[in-house]
Amino acid sequence: MNELAIKDLLYKLADDQLILGHRNSEWTGFGPILEEDIAFSSMAQDKIGHSLAFYTLLNELGEAEPDTVAFTRNAGQFHNSQLVELPNGEYDFSLIRHFLFDNAETVRFEMLSRSSYEPIAKVATKLKGEVKYHVLHANTWIKNLGASTEEAILRLQSSLTEALPYALALFEPSKYEQQLIEAGVYEGEEAVKAEWLKRIQAVLEKTELKLPELESITPKYGGRYGEHTEHLQPLLDEMAEVFKIDPSAEW
Amino acid sequence: MTLTKEHILTLLEEVKDPEIPVLSLVDLGVITGVEISGEGHVTVNMTPTFAGCPAMDYMKKDVERTLEKHGITSHTVTMSFDNPWNSNKVSEKGRQYLKEFGLAPPPKYDLILDLDILEYAKCPYCDSENTTLRTPFGPTLCRSMHYCNDCRQMFEQFKPL
């Protein structure tokens, strides 16, 4: 298997987890209710742990130590989707992003758990169980709030419309797409997207929310190739602040 | 004295989960292997419960400290996903300790986590199965929060995974 293709896949998985983990952690102390504060903080912890698992695989393939990789790259060297770097916004936007992202991630992990590349298969097998709790959390709130008051429905609908062009770019094909599929690493981004769509539709059908026509939306591609919004670099600067002052600090 | 695997496992019974102090790492099921080389070098393999659990690093260091305390200076402790943890690995003894601690043990399941499993919990206080999942996220990554409709108390469960 082409090692560059595997590294490309690992970087996008790890970077998505790290950046969304950081965004989720920004809810700590600010959640609209205590349980949601705890939920987003817990998911932050999970996601940082998931990024560590993938950065560790990269380290085994000769890349730098996980902390170095996480804290010393600039925005242009990150392979995360633009969806995960967007600011948290109001709770409705964070919830919609969480719903769109984690449903995709769970499909991806399920496929990767059957991967021909054994190190990824082992990690994905473990993580797919943990992400189920994230999906359960997202789906429960979307079903409850998406069929509740007029304000809740309007807010969620507006956030859904805003987030979709970014969510569709989660499936931006890698330049190694065909190689990964042929080598049986996983079924590829189109397959992840098709299954994701079925799952989010099944939840949205139980609410008043409407999924816009996807064909008319231009995905906000670029993230997988290092093109990011103006929001990523400030996030990285904040995240790496302690590391940059003292790389040997333990806390 | 010649070291044996059983001897090492007995020593590791001393190491407790820092967040659930009644549960040893052996009962938690995170010790996946112990090997002793001809020269007496001890290798302990561990696997995390949850990938992001902040206590795992502490537990690994605690295993090293415990080995040292018992005079085993030649050792390696590794952490990997080779033999991944799932909640069925919590021992029967561990389940009993959890219940006595007031934490519902994870229900045993056939390794297909469906919604019914995630929502099911048996109240550790009154054994009722008439309970409701309140939130899948509790005070630590491995705990969910439930409400018992019979004895009307909130309780936590060690999550099935």
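Model, not experiment: these values are computed from the prediction. Lettering follows sequence order; numbering is per chain, from 1.
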Part of A/L127 within contact of chain B (heavy atom distance under 4.5 Å): side chain
Geometric cation-pi criterion A/R73 and A/F78, 6.0 Å radius, 45° cone: yes
Heavy-atom pairs under 4.5 Å with chain A, option from B/L141, B/L161, B/L133, B/D82 with the top count: B/L141
Segment of A/L136 engaging chain B (4.5 angstrom heavy-atom cut-off): side chain
Option that, when pairs with chain A are counted at under 4.5 Å, heavy atom only, ranks first among B/S80, B/P84, B/P136: B/P136
Portion of B/P160 that has a non-hydrogen atom of chain A nearer than 4.5 angstrom: both
Which of A/A44, A/G129, A/A39, A/A53 touches chain B most, by non-hydrogen pairs under 4.5 Å: A/A39
A/S94 versus A/W27, side-chain donor and acceptor atoms under 3.5 Å: yes
Under 4.5 Å from any heavy atom of chain A - which part of B/N86: neither
Among A/N103, A/N144, A/D102, side chain to side chain donor-acceptor pair (under 3.5 Å) partner for A/N139: A/N103
Pair A/F40 and A/H98, ring centroids less than 6.0 Å apart: yes
Minimum heavy-atom distance B/P107-B/I117, with the two atoms named: CG-O, 4.4 Å
Residues B/T47 and B/T32: side-chain donor-acceptor under 3.5 angstrom: no
Contacting moiety of B/T49, where chain A heavy atoms sit under 4.5 Å: backbone
